[in-house]
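In this chain, numbering begins with 1 at the start of the sequence shown. All ligand and atom numbering here is 1-based and tracks the order in the structure.
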Amino acid sequence: MCGIIGYIGKKQAQPILLNGLKRLQYRGYDSTGLAVLDDKGLRRAPSLRIKKRAGKLNMLETAVAKRPLKGKLGISQVRWATHGVPNQVNAHPHWDCTGKIALVHNGIIENYEELKEDLLKQGHKFRSETDTEVLVHLIEKFYRGKLEKAVQQALKEVRGAYAIAVISKDEPEKLVGARFGSPLIASVGKEEGFLASDIPALLDYTKEVVLLEDEEIVVVTPGSLVVRNLQGKTLTKEKVKIRWDVAQAEKEGFPHFMLKEIHEQPQAIRSTLMGRIAESKDEIVLPELKSLEGFLASMQKIIIISCGTAWHAALVGKYMLESNVRIPVEVDISSEFRYRDPILDKKTLVVAITQSGETADTLAGLREAKTRGAKILSICNVLGSSIPRASDAVIYTHAGPEIAVASTKAYTSQLAVLYLFTLYLGGLRKALSAPKIKELILELERIPQCLEKLLESKKIILECARRYYHSFGFLYLGRTLNFPTALEGALKIKEISYIHAEGYGAGEMKHGPIALINPRLPVVCIAPESRVYDKMLSNIQEIRARKGIVISVATVDDKRIPHHSNHVIYIPKVKELFSPLLTVVPLQLLAYYIAAKRGCDIDQPKNLAKSVTVE
Ligand code: F6R
């Protein structure tokens, strides 16, 4: 997730672009840049001036403070890297070989490698490692003096997601934007016009915007805008009135980043899967693993290390890898792993899972594993962070920046990568047949849609939050793939509501936790359709027999669970293997609404930091 903004008008562009970037920082913060068309007056031809910096916005602000980029047309971006590490070269804007056209982009170009290969053959020179740069060279390829036409032709060749803003020094009177899968809005005022990823960037200038839809191209000139589709047909667009203030707008109207991020999960999973499934749907494409392919085909053991929520993802990973790839998998909390003298060798793959890529214990564990000869693969959300840099290979989650301290979309995106990795390994090691892989891929692709459905209705969750927010404790029970879901549900409520909670494998009930059951204890039972459904149902009956309060998470149309539960939250029907991607969401929401009722500081719970960089 990155943020882009463009300006055209009578004022100086730079201060407006910098102000917009400040408002968009929540969308990314690893590098920034801007391009301004320097109109040096009538006597000299205008030229594009570009300034970029790695790091936060203040680095760019310092860079342009001494020698401002003067001009009234410009584009800029805050980046959240997905392809190419977050450095100055990879920061946006990118420009074409002639220095005529500059572009900023939010999204992922899936087919950038093929496009780049063709463009290189045609003589284009690339400077960065980004997927974005192919776009500007493609536009250059089609440019015959009409920027809009060239953008239209270029986008027809592109697969993936994009919101772009483009300018050309040969057409200083226009700002061109387009979108597919990534948000873009446009607005015009008196003798000026704007493009932006999101409303906060424009709130200081306008309260009326046009929301662009997929495959629409907009040409903004001072005081007017025209929207056409990719076929060139002019479209009539309504203006939307904005009633939010800046803080509300950054959260897209959600009261907290955590709730926004819970709702971003369908999109985060889509982005994580994007470009990694072959068009034939029977193969997972992970070019990032190419250099390890021989090793992955013959390795003998996997150890997954991680902390907190990422450790829960690892536990789900163990179930999916062992049952589908038939390879032994150990899972360790990083801080235990690094001090326990683990048994591993050159035939071991150590997988480090981390949202931030900076967790000190995971980094130390990985280094320990390296000294013992293991190969390291990381699964990470922050491009270019320390853990991926210390790994032999990395598969990035594309969840976008996670701002709330309690992890939600990073968790489900980590699971999505683990599914991809499982199916990839299943194919590579011939543990899964091609038809089986296809069947599972098709199911995995259905998940974002199922999540959207699940997020539509929160009635029962709100009811449970209202009734039980005063509870002294919570118990969470699950089995097999959903045992880690129980741990994650308990962690979420502990973190943000400060209510004591325990997560248990339901089979362990009789070995201790059953003593806790009483008429005031809510017990969340994760019981979707599965091989262990009947076992879960027996556990639920045991709790009811002791007068515990049962909140069940079950598959839609389940006829038996309601007879034994006080409340049932339904999830859409999916294959058992993928149920952890759905069952966790009601638990995130339950924790969220309980914390809200208790008046807790949800996005920044006490004593917690987003990234734990000390031991
Ligand atoms: C829980 C949470 C933490 C992190 C843990 C690991 O909501 O956010 O438990 O999961 O600190 O952090 P990363 O994934 O950055 O290594």
Side-chain angles (χ1 to χ4, degrees), residues 29-30 80 256-262 264-265 268 272 304-317 331-338 350-367 376-391 394-418 476 484-499 501 503 584-585 587-592 594-595 600-615:
Y29 39 71
D30 61 38
W80 174 260
H256 297 94
F257 278 110
M258 181 179 175
L259 192 59
K260 174 173 174 264
E261 286 160 7
I262 290 173
E264 279 172 354
Q265 290 179 108
T272 300
I304 315 183
I305 59 170
S306 42
C307 302
T309 287
W311 177 61
H312 300 151
L315 290 171
V316 182
V331 174
D332 233 331
I333 296 167
S334 308
S335 51
E336 290 299 313
F337 174 83
R338 62 185 286 198
V350 169
V351 181
I353 306 181
T354 171
Q355 187 285 132
S356 62
E358 300 294 346
T359 302
D361 282 320
T362 306
L363 185 58
L366 172 165
R367 289 189 172 135
I376 315 290
L377 167 69
S378 53
I379 295 174
C380 184
N381 197 38
V382 181
L383 207 122
S385 52
S386 304
I387 290 171
R389 279 193 278 123
S391 307
V394 49
I395 311 175
Y396 283 107
T397 50
H398 294 313
E402 197 176 57
I403 310 252
V405 164
S407 190
T408 53
K409 63 175 181 171
Y411 175 71
T412 42
S413 302
Q414 285 161 356
L415 291 184
V417 166
L418 285 164
Y476 288 75
T485 313
L487 297 178
E488 177 61 6
L491 179 63
K492 286 288 94 91
I493 207 159
K494 274 188 273 210
E495 282 184 291
I496 60 167
S497 319
Y498 319 132
I499 297 177
V584 74
V585 176
L587 310 193
Q588 296 167 344
L589 286 167
L590 183 64
Y592 172 82
I594 286 178
C600 300
D601 184 351
I602 294 180
D603 283 338
Q604 279 164 342
K606 66 173 190 234
N607 305 337
L608 290 175
K610 184 71 189 157
S611 181
V612 185
T613 53
V614 289
E615 199 181 340

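- Checked against side chain to side chain donor-acceptor pair (under 3.5 Å), S407 has the following partners two or more places apart in sequence or in another chain: E402.
- Atom 3 (C) of ligand 1 has its closest protein heavy atom at T309 N, 4.1 Å.
- In terms of protein heavy atoms, atom 6 (C) of ligand 1 is closest to C307 O, 3.4 Å.
- Short contacts between ligand 1 and A406, defined as distances under 4.0 Å to a heavy atom of the residue, involve ligand atoms 7 (O).
- Not one N or O of T362 is nearer than 3.5 Å to an N or O of ligand 1, by distance alone.
- For atom 12 (O) of ligand 1, the nearest non-hydrogen atom of the protein is T359 OG1, 3.5 Å.
- A 4.5 Å side-chain heavy-atom check between V382 and E358 finds every atom pair outside the cut-off.
- Residue Q414 has no nitrogen or oxygen atom sitting less than 3.5 Å from a nitrogen or oxygen atom of ligand 1, judged on distance alone.
- Between I403 and E261 the shortest side-chain heavy-atom distance falls below 4.5 Å.
- Of the polar atoms of V612, none of the N or O atoms is found under 3.5 Å from an N or O of ligand 1, judged by distance alone.
- No side-chain donor from either of S413 and T397 sits under 3.5 Å from a side-chain acceptor of the other.
- Atoms of ligand 1 found under 4.0 Å from any heavy atom of A310 (numbered from 1 in listed order, with element): 10 (O), 14 (O).
- Of all protein heavy atoms, the one closest to atom 15 (O) of ligand 1 is S356 OG, 2.6 Å.
- For the pair K492 and ligand 1, a heavy-atom separation below 4.0 Å is found.
- Counting atoms of ligand 1 from 1 in the listed order, those under 4.0 Å from a heavy atom of E495 are 1 (C), 2 (C), 7 (O).
- In this structure, the side chains of L491 and Y411 stay at 4.5 Å or more apart for every pair of heavy atoms.
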Problem set entry | Derivation of the side chain to side chain contact (heavy atoms under 4.5 Å, CB included) call for I305 and V350 | CA-CA 7 Å; I305 59 170; V350 169; 4.1 Å; yes
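- Here the rule is side-chain contact (heavy atoms from CB on, under 4.5 Å) with H312, and of L415, V331, L487 only L487 fits it.
- When all heavy atoms of Y396 and L383 are compared, the pair lying nearest together is CE2-CA, 3.3 Å.
- V405 counts as a contact of ligand 1, since one of its heavy atoms falls under 4.0 Å from the ligand.
- When each atom of ligand 1 is checked for a heavy atom of Q355 under 4.0 Å away, the hits are 13 (P), 14 (O), 15 (O), 16 (O).
- Looking only at side-chain heavy atoms (C-beta outward), T362 and I387 come within less than 4.5 Å of each other.
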